[in-house]
Colleague: 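Questions regarding the structure given below will be posed in turn.
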Amino acid sequence: MSDQDRLLEHEYDGIHEYDNPLPGWWRAVFWGTIVFAAGYWIYFHVADKGEPLETSYLAELAHYDSLREVRAARDAANVSEEMLATTAHDTRATAHGAAVFSARCAGCHGDRGQGLIGPNLTDANQLHGASRMDLFTTVSKGVPGTAMVAWSEQLGPTDVIAVTAFVATLRGQNIAGKEPQGSAVSAFK
């Protein structure tokens, strides 16, 4: 077939167009996609045989939620008062905790822990318990009925431990801010 035979009849501004049909593989994929879409529509929407995506999502979400306590127990199994004390003296861990605190906690506790909506973390008082483990529990599980959310649902275990260690270093700095709340406790060593 010569180039002259491939020219189409129409012309626009002196430009002629060649008849270049699409390759066979491309047309097969195109028609296969149409056939698949029609079969999918019939299977899921007309015959109503397929499981909707929402149903499988809700089932997977329920399974995930059912394992929440198992994950929390596994994450907390390696956390102890001694481990938190050691982490509080690790400058890299507390720097990481300070960064997470600044990004996630400063809105309620202030940029230096002086307290805004949440309590002042720099005085010698603690609302929930007295130990580093009590701080860890508060950070990871939150406090129902207050603005303190369960951060273990949003942060990884490393971040929760780092934030707890950082908050433990704030105790006793007595930065002017919100009035003391909770019970008087001794400073961490």
Side-chain angles (χ1 to χ4, degrees), residues 1-76 78-79 87 90-118 121 136 138-144 146-167 170:
M1 177 182 267
S2 73
D3 285 347
Q4 216 43 318
D5 293 338
R6 292 178 43 211
L7 280 176
L8 296 176
E9 294 291 323
H10 69 274
E11 162 195 347
Y12 186 76
D13 285 342
I15 299 172
H16 292 277
E17 181 180 353
Y18 280 122
D19 180 17
N20 287 325
L22 291 170
W25 67 266
W26 197 97
R27 285 181 287 167
V29 169
F30 176 74
W31 287 109
T33 303
I34 292 173
V35 170
F36 176 80
Y40 183 92
W41 181 73
I42 290 169
Y43 185 77
F44 282 98
H45 298 287
V46 175
D48 202 24
K49 293 195 181 228
E51 181 180 17
L53 186 59
E54 182 181 3
T55 304
S56 62
Y57 168 74
L58 291 174
E60 288 181 29
L61 183 62
H63 176 68
Y64 176 83
D65 285 342
S66 71
L67 298 175
R68 176 175 288 158
E69 290 301 319
V70 172
R71 284 190 310 275
R74 185 189 66 229
D75 291 343
N78 297 326
V79 179
T87 306
D90 180 357
T91 56
R92 277 187 30 203
T94 54
H96 176 67
V100 174
F101 182 89
S102 177
R104 303 289 184 125
C105 310
C108 292
H109 293 286
D111 59 341
R112 297 181 302 154
Q114 74 273 18
L116 297 172
I117 297 167
L121 303 173
F136 176 77
T138 301
V139 172
S140 64
K141 293 186 178 179
V143 180
T146 69
M148 183 64 184
V149 299
W151 285 107
S152 62
E153 296 177 8
Q154 298 178 37
L155 300 173
T158 306
D159 291 341
V160 173
I161 291 168
V163 168
T164 303
F166 172 71
V167 168
L170 296 177

Colleague: What distance do Ile42 atom CD1 and Lys49 atom NZ have between them, rounded to the nearest 0.5 Å?
Modeller: 12.0 Å
Colleague: What closest approach, in Å, do Val149 and Gln154 show between heavy atoms, and which atom pair accounts for it?
Modeller: CG2-NE2, 4.1 Å
Colleague: With heavy-atom distances below 4.5 Å as the criterion, would you say the side chains of Tyr57 and Glu60 are in contact?
Modeller: no
Colleague: Which atom pairs, one a donor and one an acceptor, fall under 3.5 Å between side chains of residues 94-117 and the rest of the protein, sequence neighbours left out?
Modeller:
| from | atom 1 | to | atom 2 | distance (Å) |
| --- | --- | --- | --- | --- |
| Thr94 | OG1 | Asp90 | O | 3.1 |
| Thr94 | OG1 | Thr91 | O | 3.2 |
| His96 | NE2 | Asp159 | OD1 | 2.5 |
| His109 | ND1 | Pro119 | O | 3.1 |
| Asp111 | OD1 | Gln114 | NE2 | 3.2 |
| Gln114 | OE1 | Arg112 | N | 3.0 |

Colleague: Just how far is it from atom NE2 of His16 to atom NE2 of His10, taken to the nearest 0.5 Å?
Modeller: 10.0 Å
Colleague: Taking everything shown except Glu54 itself, do over 12 heavy atoms lie less than 6.0 Å from its CD?
Modeller: no
Colleague: Enter the distance from Tyr40:OH to His45:NE2 here, rounded to the nearest 0.5 Å.
Modeller: 6.0 Å
Colleague: Describe, in one word, how the ring planes of Phe30 and Trp26 are oriented to each other, choosing from parallel (under 30°), tilted (30 to 60°) and perpendicular (over 60°).
Modeller: parallel
Colleague: Of all heavy-atom pairs between Ala162 and Ala93, which one has the smallest distance, and what is that distance?
Modeller: CB-O, 3.6 Å
Colleague: Looking at CG of Leu58 and CG of Leu53, how far apart are the two atoms once the value is rounded to the nearest 0.5 Å?
Modeller: 9.5 Å
